[in-house]
**Q** 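Following this message is one structure expressed as C-alpha cells.
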Amino acid sequence: MRWSKTFIPTMKENPSDAEIPSHQLMLRAGLIRQLMAGAYSYLPLGWRSVRKAEQIVREEMDRAGAIELFLPALQPIDLFEKTGRKEAFGNVLINFHVQRGDRKVHLALGPTHEEVITDLIGRHLNSYRQLPICVYQIQTKFRNEERPRFGVLRTSEFIMKDAYSFGTSLEQLNTVYDQMYKAYCRIFARCGLTYLPVEAESGPIGGDASHEFMVPANNGEDRIVHCEGCGYAANLERAETGRKAPALATSPAAAALQKVATPNATSIEQVSRMLKCKPEQMIKTLIYKADDKPVAVLIRGDHEANEAKIRRALGAKSLGLADEKTIREVTGAPVGFAGPVGIKCSVIADHDVPPIANAITGANEADAHLTGVNVGRDYQLTTTHDLRMALADDACPKCAGKLKLVHGIEVGHVFKLGTKYSVALAAEFLDEKEQRHPMIMGCYGIGVNRIVASLAETSFDDNGLIWPLSVAPYEVLVIPLNVTEPDTMQLAERFYKELGEAGVDVLLDDRDARAGFKFKDADLIGVPLRLVIGGKGLKEGLVELKWRTDAAPTKVPIVDAIARVREMLVERRAQDASRVPA
RNA sequence: CGGGGCGUAGCUCAGCCUGGCUAGAGCGCUUGGUUUGGGACCAAGAGGUCGCAGGUUCAAAUCCUGUCGCCCCGACCA
C-alpha cells in the first residue's frame with residue numbers, strides 16, 4: 001500500500017480524552033477514531049492489525065479442531081428469557097422492538113451466543129455418536145456498558161471469538177477444555193503478548209473449571225495475584241492465600257472488655273476515626289445469608305471479604321449480604337454495630353481475626369462498640385478460614401513464596417459451563433442405552449480488539465507503537481527520503497513491488513514530506529522493519545535497514561537489500577515462533 | 001446510577017473569575033517561494049452557530065437555569 005493512497009491520520013498531540021497509552025497511541029497512530037462513548041471506528045491501519053489477530057485466532061482454533069460458523073447478532077429475546085439471562089444481563093443486554101407488519105418483535109443484540117448456539121446444536125445433534133463437537137465464530141458482540149472506558153479496552157461493541165463445546169461426558173469436556181487452553185496459549189504467544197493464564201472464579205462447578213488469560217498491564221481493570229516462584233496465578237476473586245490457621249488462645253495481654261459510645265459511627269473508617277484506632281485493630285462483622293441461614297463473618301477491619309471463599313467455606317449454594325431485618329434479629333441492633341460477642345447466629349472467621357488482641361468491634365447495640373475483645377474469652381471459634389481477598393505479600397498457597405498483586409487486561413476466558421444452557425434449552429442427546437441427557441458444554445472466548453489494544457498498551461516507547469511482526473499492520477515500511485528524486489523513487493518503487501510480490505506486507509511512504517517528518521510517523525505507527533532509501537547512502541549504492549527497536553540502522557548494498565529483508569523477516573518469525581508452546 | 005472535571009477552528013489550548021469593538025495562539029490544511037536525514041522557514045490565505053436551548057442585560061464565549069455530549073473515580077461487568 002502507498003501511504004498517499006490510504007488513510008492514516010496521525011497526530012502529533014495527544015487528544016485530551018485519551019489517558020492511557022493504548023488509547024493515546026491508537027488515536028495518534030491513526031488506528032482508531034471514536035464515534036461515541038464505547039464505539040470506535042477502526043481505520044485501515046487498526047483494522048489490518050485486528051484482522052491479523054483474528055486470523056491467528058482462526059488458525060489456532062482450526063488447529064485445535066474447532067469448526068468455524070457464523071451466528072446472527074440479532075436474536076429473539078425469548079431465548080434469553082428461557083435461560084434467565086434477560087434478567088441476569090439486565091441493562092447490559094441491548095434489546096428493542098421492531099415493527100413487522102402489525103406485530104412488534106422483541107429483539108436483542110447478542111452479548112454472547114450461548115443461547116443461539118445451544119438452540120442450534122440441540123435441534124440438530126441428537127446422538128452421542130455426533131458428539132463431541134466444538135464450534136466457534138468471530139462476531140461483533142454488543143453489551144450496553146454502563147460506563148465504557150479506557151478507549152478500546154471497554155466498549156459497548158467489540159469483536160469476540162466465541163467457541164462452544166458440546167459433549168456427552170465430563171471427560172469429553174475436559175479434553176476440549178484442555179485443547180482450548182493450549183490453543184489460547186499459542187494464540188497469545190503468536191500475537192506477541194506477555195500473558196498469564198489465571199485461575200478464575202467458576203461458580204458451582206468449582207475446581208479449576210475456569211481460567212482467564214490476562215495481559216499484565218498497569219491499566220488493566222482486573223486484579224490478579226501471581227507467585228513468581230511457582231507460577232501460581234489467580235484473579236483476585238479466586239486467589240487463595242497460603243496463610244495458616246493461627247492458635248486460638250486468648251492473648252496474655254487481654255484487657256478488660258469495655259463498651260464505648262460510638263454514636264452514628266457505622267463504618268470501620270468512622271469508628272477508627274472516632275476511637276483513634278487503626279482499622280487493623282478492628283473486627284469487621286458481616287452478616288450474610290447462606291442458603292437463607294444467617295451467619296456472621298469476621299474479617300479484620302482493613303481487609304476485604306471474599307464472598308466466593310465464604311460461600312465455599314460454608315458449603316453453601318447461595319450467599320448474599322443479609323437484609324436489615326435479619327441483621328436486627330441477629331444482632332439486636334441496627335446495621336453497623338454487629339460484633340461477635342453475644343451474637344445470635346453461627347460465626348466464622350478469617351485466619352487474621354483471632355490474633356487481634358484487644359480488638360474493637362460492634363457491641364450488637366445501637367451507637368456502641370466494644371474494646372478489649374479477645375478470642376476464647378469474649379467469643380469462641382473452633383477454627384478459622386481463608387475468607388478475605390488476597391493481598392500483596394501474602395503467602396503463596398502452592399509454595400513458600402510470596403504473592404504479588406498485578407493488574408491485568410482480560411483477553412481470553414475458558415469456562416466449563418456444564419449443563420446450564422443445555423437444560424434450559426433442551427439440548428439433549430441419546431446415549432447408547434437410549435437414555436436422554438443434556439449435553440455438557442464449555443465456552444471459550446477471546447476479545448480480538450483487546451489483543452490489539454493490549455499490545456498497544458504494553459508495547460511502545462516514547463516515539464510510538466512497537467508491533468510484533470505477527471500483528472503489525474505492515475511488516476516493512478519503505479521510506480524514499482526524497483520522492484522528487486527519480487533515482488530514489490525508482491528504487492523505492494522497485495523494492496515496494498518486489499517485496500509485495502514476495503508476499504511481504506509492505507507500506508511505501510510516498511508522501512512528499514521531509515525525512516524527519518516521515519521518520520516520526522514511522523516510529524509512531526510502529527512498523528517493525530524500516531527500509532530507507534536516498535541521501536548519501538544511495539550514491540554509495542547502499543540502503544538502510546532498521547528494526548523498530550534498533551537504535552541505529554545498518555547499511556546494506558542495494559543488490560542485497562531484498563534478499564536481506566526477506567532473510568531478516570524469516571529469522572524474526574522463527575525467533576517469534578520459538579516462543580510459541582507446542 | 002453516585003462523585004468530580006471538561007465542552008471555544010481538524011488537534012492542543014488561551015480568553016470566562018471582573019460582560020463591551022471584527023473571538024485569539026500553536027500545530028494541521030490551501031497557494032506561492034526557499035529548503036530537504038528525526039515533526040523546516042518566509043509570505044499570503046481558508047477555516048468558528050464559542051455544545052444546544054432558554055433567561056438576565058443596552059450588550060453574553062463570559063452571568064443564571066435547563067439540557068446534551070465527552071473524560072476520570074466509584075458501583076456494575078453470565
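Per chain, numbering begins at 1; letters A, B, ... match sequence-line order. Computed from heavy atoms alone, side chains included, the values below leave out hydrogens, waters and symmetry copies.
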**Q** When the C1' atoms of U22(B) and G48(B) are compared, how many Å lie between them, rounded to an integer?
**A**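 To the nearest whole Å, 13 Å.
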**Q** Would you call Glu240(A)-Lys309(A) a salt bridge at under 4.0 Å N-O?
**A**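 No.
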**Q** Expressed in whole Å, how much space separates the C1' atoms belonging to G15(B) and A9(B)?
**A**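 Straight-line distance between the two C1' atoms is 15 Å.
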**Q** Under the rule for salt bridge (charged side-chain N to carboxylate O under 4.0 Å, His left out), what residues qualify as partners of Asp162(A), not counting sequence neighbours?
**A**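 With sequence neighbours excluded, Asp162(A) shows a salt bridge (charged side-chain N to carboxylate O under 4.0 Å, His left out) to Lys141(A), given in chain and number order.
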**Q** Taking only residues two or more places apart in sequence, or in another chain, which ones meet Lys539(A) in a salt bridge (charged side-chain N to carboxylate O under 4.0 Å, His left out)?
**A**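 None.
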**Q** Distance check needed: G32(B) C1' versus Asp512(A) CG, whole Å only.
**A**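 After rounding, the reported distance stands at 15 Å.
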**Q** Return the value, rounded to whole Å, for the distance between atom NZ of Lys520(A) and atom C1' of G37(B).
**A**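 Taking NZ of Lys520(A) and C1' of G37(B), I get 13 Å after rounding.
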**Q** Who passes ring-ring contact (aromatic ring centres under 6.0 Å, His included) against Tyr181(A), sequence neighbours left out?
**A**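 If we apply the ring-ring contact (aromatic ring centres under 6.0 Å, His included) test to Tyr181(A), skipping adjacent residues, the hits are His211(A), Phe213(A).
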**Q** Using whole Å, what does the distance between atom P of nucleotide C71(B) and atom CD of Glu146(A) come to?
**A**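 Value for this atom pair: 15 Å.
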**Q** Crowded around Glu269(A) CD? As in, over 12 foreign heavy atoms under 6.0 Å?
**A**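 Result for CD/Glu269(A): open.
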**Q** Any carboxylate oxygen within less than 4.0 angstrom of a Lys/Arg side-chain nitrogen, looking at Arg511(A) and Asp521(A)?
**A**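 Counted as a salt bridge, because a side-chain N and a carboxylate O are separated by less than 4.0 Å.
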**Q** Let me confirm one number: the CD1-OH distance from Ile327(A) to Tyr288(A), rounded to the nearest 0.5 Å.
**A**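 Answer rounded to 0.5 Å: 10.5 Å.
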**Q** Ile94(A) has an atom CD1; how far is it from atom P of A78(B), in whole Å?
**A**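 After rounding, the reported distance stands at 16 Å.
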**Q** Looking only at the side chain of Arg147(A) (C-beta and beyond, no hydrogens), which of the listed nucleotides A78(B), C1(B), G39(B) gets closest?
**A**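 For Arg147(A), the side-chain atoms sit closest to C1(B).
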**Q** Give me the distance, rounded to whole Å, that separates A14(B) from U8(B) when you measure between the C1' atoms they each carry.
**A**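 The answer is 10 Å between these two C1' atoms.
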**Q** Run the salt bridge (charged side-chain N to carboxylate O under 4.0 Å, His left out) test against Asp291(A) and tell me which residues pass, sequence neighbours left out.
**A**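 Partners of Asp291(A) under the salt bridge (charged side-chain N to carboxylate O under 4.0 Å, His left out) test: none.
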**Q** Does a donor on one side chain sit under 3.5 Å from an acceptor on the other, for Glu428(A) and His437(A)?
**A**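 Their side chains do not contain a donor-acceptor pair, so the 3.5 Å distance test is not met.
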**Q** Quick one: on RNA chain B, does Ala18(A) or Thr10(A) contact a more 5' nucleotide (nearest heavy atom)?
**A**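 Per heavy-atom nearest nucleotide, the more 5' residue is Thr10(A).
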**Q** Would you kindly say whether Glu114(A) and Thr112(A) are connected by a side-chain donor-acceptor distance under 3.5 Å?
**A**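 A pair is found: one side chain offers a donor N or O, the other an acceptor, under 3.5 Å apart.
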**Q** Can you check the distance between U57(B) and G20(B), where both ends of the measurement are the C1' atom (answer in whole Å)?
**A**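 Here U57(B) and G20(B) have their C1' atoms 12 Å from each other.
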**Q** Between Asn235(A) and Glu199(A), do the side chains contain a donor N or O and an acceptor N or O under 3.5 Å apart?
**A**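 Distance-only check fails for Glu199(A) and Asn235(A).
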**Q** Counting only Watson-Crick pairs (N1-N3 plus N6-O4 or O6-N4) and G-U wobbles (N1-O2, O6-N3), all under 3.5 Å, who is the partner of U67(B)?
**A**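 Its partner is G51(B).
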**Q** RNA chain B: Phe89(A) or Pro148(A), which has the more 5' nearest nucleotide?
**A**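 Its nearest nucleotide lies further toward 5', so the answer is Pro148(A).
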**Q** Could you please name the partner base of A23(B), counting Watson-Crick and G-U wobble pairs only when both distances are under 3.5 Å?
**A**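 Result: none.
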**Q** Encode nucleotides 10-15 of chain B as B, S and - characters from 5' to 3', where the letter depends on protein heavy atoms closer than 4.0 Å: B to the base, S only to sugar-phosphate, - to neither.
**A** -BSS--
**Q** Quote, to the nearest angstrom, the C1' distance that separates A23(B) from C68(B).
**A**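 Per the computed distance, 24 Å lies between those C1' atoms.
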**Q** Salt-bridge test for Lys82(A) and Asp78(A): reply yes if a basic N is under 4.0 Å from a carboxylate O, no otherwise.
**A**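 No, no charged N to carboxylate O under 4.0 Å.
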**Q** Between the base of G38(B) and the side chain of Asn463(A), is there a donor and acceptor pair under 3.5 angstrom?
**A**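 No, the side chain and the base share no sub-3.5 Å donor-acceptor pair.
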**Q** Does the side chain of Thr118(A) reach to within under 4.5 Å of the side chain of Leu120(A), using non-hydrogen atoms?
**A**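 Contact flag for Thr118(A)/Leu120(A) side chains = no.
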**Q** How far, in whole Å, is U12(B) from G7(B) if one measures between their P atoms?
**A**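 G7(B) and U12(B) have their P atoms separated by 11 Å.
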**Q** Given atom CD of Glu115(A) and atom C1' of A78(B), what is their separation to the nearest angstrom?
**A**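 Taking atom C1' of A78(B) as the reference, CD of Glu115(A) is at 9 Å.
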**Q** Rounded off to whole Å, could you give me the CG-to-P distance for the Leu27(A) and C71(B) pair?
**A**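 Atom CG in Leu27(A) sits about 11 Å away from atom P in C71(B).
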**Q** Please state how far atom CZ in Arg28(A) lies from atom P in C27(B), giving the value in whole angstrom units.
**A**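 Distance check: Arg28(A) CZ to C27(B) P gives 17 Å.
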**Q** Identify whether the distance between the nearest side-chain nitrogen and carboxylate oxygen of Lys555(A) and Glu544(A) falls below 4.0 Å.
**A**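 Salt bridge present between Lys555(A) and Glu544(A).
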**Q** List in numerical order all residues of residues 32-44 of chain A for which some heavy atom is under 4.0 Å away from an atom belonging to RNA chain B.
**A**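 Those residues are Gln34(A), Met36(A), Ala37(A).
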**Q** Is the closest side-chain donor-acceptor distance between Lys86(A) and Asn95(A) under 3.5 Å?
**A**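 There is no such pair (donor and acceptor under 3.5 Å, judged by atom type) between the side chains of Lys86(A) and Asn95(A).
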**Q** Among the nucleotides C72(B), G38(B), A78(B), which one has an atom lying closest to any side-chain atom of Lys546(A)?
**A**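 Looking only at heavy atoms from C-beta outward on Lys546(A), the closest nucleotide is G38(B).
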**Q** Which residue pairs pass the ring-ring contact (aromatic ring centres under 6.0 Å, His included) test with at least one member in residues 5-42 of chain A, sequence neighbours excluded?
**A**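 Checked against ring-ring contact (aromatic ring centres under 6.0 Å, His included) - neighbours excluded - the pairs reaching residues 5-42 of chain A are His23(A)-Tyr40(A).
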**Q** Within the structure shown, what part of the strands sits under 4.0 Å from Glu114(A) by heavy-atom distance: base, sugar-phosphate, or nothing?
**A**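 Touches nothing.
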**Q** Checking all strands, does Phe150(A) fall into the base, sugar-phosphate, or nothing category for heavy-atom contacts under 4.0 angstrom?
**A**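 Sugar-phosphate, backbone atoms only, no base.
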**Q** Would you mind listing every salt bridge (Lys or Arg N to Asp or Glu O under 4.0 Å) that reaches into residues 25-48 of chain A, with sequence neighbours excluded?
**A**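 Only Arg48(A)-Asp505(A) qualify under salt bridge (Lys or Arg N to Asp or Glu O under 4.0 Å).
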**Q** Does the distance from a Lys or Arg side-chain N to an Asp or Glu carboxylate O, for Arg85(A) and Glu115(A), drop under 4.0 Å?
**A**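 Yes, Arg85(A) and Glu115(A) are salt-bridged.
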**Q** Need the pair for U18(B). Rule: Watson-Crick or G-U wobble, both distances under 3.5 Å, any strand; none if unpaired.
**A**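 Check on U18(B): unpaired, no WC or wobble geometry under 3.5 Å.
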**Q** Just name whichever nucleotide pairs with C29(B), Watson-Crick or G-U, keeping both distances under 3.5 Å, else none.
**A**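 Across all strands, the one nucleotide that pairs with C29(B) is G45(B).
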**Q** Can you tell me, in whole Å, how much space there is between the C1' of C58(B) and that of C63(B)?
**A**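 Here C58(B) and C63(B) have their C1' atoms 16 Å from each other.
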**Q** May I have the distance from Glu145(A) (atom CD) to C71(B) (atom P), rounded to whole angstrom?
**A**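 Computing the Glu145(A):CD to C71(B):P distance gives 13 Å.
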**Q** Once you apply a heavy-atom cut-off of 4.0 Å, does Glu544(A) come out as touching a base, just sugar-phosphate, or nothing?
**A**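 Base contact - Glu544(A) has a heavy atom under 4.0 Å of at least one base atom.
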**Q** When you compare the protein's N or O atoms with those of nucleotides 44-47 of chain B, which come within less than 3.5 Å of each other, and at what distance?
**A**
none

**Q** Going by heavy atoms closer than 4.0 Å, what residues in residues 523-542 of chain A are next to RNA chain B?
**A**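 Residues of residues 523-542 of chain A that come under 4.0 Å of RNA chain B are, in numerical order, Asp523(A), Leu524(A), Arg530(A), Gly534(A), Gly535(A).
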**Q** Which residue pairs satisfy the side-chain hydrogen bond (donor to acceptor under 3.5 Å, both in side chains) criterion with at least one member in residues 473-494 of chain A, sequence neighbours excluded?
**A**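 For residues 473-494 of chain A: Arg2(A)-Glu493(A), Glu475(A)-Arg573(A), Asn482(A)-Thr484(A), Glu485(A)-Thr488(A), Arg494(A)-Glu498(A).
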**Q** Which whole number of Å gives the distance between the C1' atom of A60(B) and that of C16(B)?
**A**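 Approximately 10 Å lies between the C1' atom of A60(B) and that of C16(B).
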**Q** Taking only nitrogen or oxygen atoms into account, show me every contact under 3.5 Å that the protein makes with nucleotides 40-43 of chain B, one pair per line with its distance.
**A**
residue : atom : partner   : partner atom : Å
A40(B)  : N9   : Arg514(A) : NH1          : 3.4

**Q** Just name whichever nucleotide pairs with G2(B), Watson-Crick or G-U, keeping both distances under 3.5 Å, else none.
**A**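 For G2(B), the partner nucleotide comes out as C73(B), under the 3.5 Å rule.
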